[in-house]
Enquirer: 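Dumping the structure here so I can ask a few things about it.
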Amino acid sequence: MIDAWVINASPLILFSRIGRLDFIERLAPGILVPTSVLAEVAAGRAKDPSASKAQIWAAPFEVPDLSLPQSIAQWDIGRGDSQVVAHLLGTSRWGLL
């Protein structure tokens with residue numbers, strides 16, 4: 001059974017753009033947003049006003065970044081993506097990328 005969704009920056013911003021962040025709350029059994037993901041969302045605020053709404057909405061679901069295993073770090077996929085994958089390893093969670 002899935003216990004939570006770990007959410008990346010793009011879905012947060014896209015759902016915010018269409019005004020439907022509530023879909024995530026309705027569908028996900030739990031929500032986790034790594035600190036690095038929130039930082040990526042915050043970095044986009046100047047270019048995209050919906051990023052600010054996404055950041056405010058996601059703040060209560062923030063979880064600290066994990067230490068990255070070398071196997072993930074070597075992929076060089078970015079901090080937010082890496083943290084989503086790290087939070088999925090060995091768990092019964094889904095990633096929303």
Enquirer: Could you grab the distance from atom CG of Leu32 to atom CG of Leu96, nearest 0.5 Å is fine?
Expert: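 Nearest 0.5 Å value for the CG-CG distance: 12.0 Å.
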Enquirer: Phe23 and Ile2: same hydrophobic cluster, using ILVMFWY side-chain contacts below 4.5 Å?
Expert: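 Yes, it is one cluster - the side chains of Phe23 and Ile2 are joined through contacts under 4.5 Å.
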Enquirer: Is Ile56 linked to Ile31 within one hydrophobic cluster, defined over Ile, Leu, Val, Met, Phe, Trp and Tyr using a side-chain heavy-atom separation of less than 4.5 Å?
Expert: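 As far as the 4.5 Å side-chain criterion goes, Ile31 and Ile56 are not connected within one cluster.
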Enquirer: How far does CG of Leu68 sit from CD of Gln74, to the nearest 0.5 angstrom?
Expert: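 Going from the CG atom of Leu68 to the CD atom of Gln74 covers 11.5 Å.
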Enquirer: Just to verify, what does Arg45 make a salt bridge (charged side-chain N to carboxylate O under 4.0 Å, His left out) with, not counting sequence neighbours?
Expert: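 Salt bridge (charged side-chain N to carboxylate O under 4.0 Å, His left out) check on Arg45 returns nothing, list empty.
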Enquirer: Between Leu88 and Val33, is there a shared hydrophobic cluster once you connect ILVMFWY residues whose side-chain heavy atoms come closer than 4.5 Å?
Expert: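 Cluster IDs for Leu88 and Val33 match.
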Enquirer: To the nearest 0.5 angstrom, please state how far the CG atom of Leu66 sits from the OG atom of Ser36.
Expert: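 Answer rounded to 0.5 Å: 9.5 Å.
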Enquirer: Is Val6 linked to Leu97 within one hydrophobic cluster, defined over Ile, Leu, Val, Met, Phe, Trp and Tyr using a side-chain heavy-atom separation of less than 4.5 Å?
Expert: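 Yes, one cluster joins them.
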Enquirer: Answer yes or no: is there a side-chain heavy-atom contact under 4.5 Å between Ile24 and Trp57?
Expert: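 Ile24 reaches Trp57 side chain to side chain.
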Enquirer: Ignoring hydrogens and angles, write down the donor-acceptor pairs under 3.5 Å from the side chains of residues 12-21, residues two or more places apart or on other chains.
Expert:
unit_1	atom_1	unit_2	atom_2	d
Ser16	OG	Ser50	O	2.7
Arg17	NE	Asp48	OD2	2.8
Arg17	NH2	Asp48	OD2	2.6
Arg20	NE	Asp22	OD1	3.0
Arg20	NH2	Asp22	OD2	2.7

Enquirer: Between Gln83 and Pro34, is there a donor-acceptor pair closer than 3.5 Å when you use the side chain of the first and the backbone of the second?
Expert: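 No, because the side chain of Gln83 does not come within donor-acceptor range (under 3.5 Å) of the backbone of Pro34.
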Enquirer: Please report the interatomic distance CG(Leu38) to CD(Gln55), rounded to the nearest 0.5 Å.
Expert: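 Here the interatomic distance stands at 6.5 Å.
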Enquirer: When clusters are formed by joining ILVMFWY residues with side-chain heavy atoms under 4.5 Å apart, either directly or through shared neighbours, do Trp94 and Val85 land in the same one?
Expert: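 Different hydrophobic clusters.
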Enquirer: Val41 and Ala9: which non-hydrogen atoms are nearest, and at how many Å?
Expert: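 Looks like CG2-CB, 3.7 Å.
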Enquirer: Please examine the side chains of Pro29 and Asp3, heavy atoms only from C-beta on, and report whether any two atoms are closer than 4.5 Å.
Expert: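 They are not in contact (no side-chain heavy atoms under 4.5 Å apart), so the answer is no.
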Enquirer: Taking His87 for its side chain and Pro64 for its backbone only, find out whether a donor-acceptor pair lies under 3.5 Å.
Expert: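 Yes: the side chain of His87 pairs with the backbone of Pro64.
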Enquirer: Between CG of Asn8 and OG of Ser82, what distance do you get to the nearest 0.5 Å?
Expert: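 Between Asn8 CG and Ser82 OG, I get 9.5 Å after rounding to 0.5 Å.
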Enquirer: Do Leu89 and Ile72 make a side-chain contact, defined as non-hydrogen atoms from C-beta onward lying under 4.5 Å apart?
Expert: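 Counting from C-beta outward, Leu89 and Ile72 do come under 4.5 Å.
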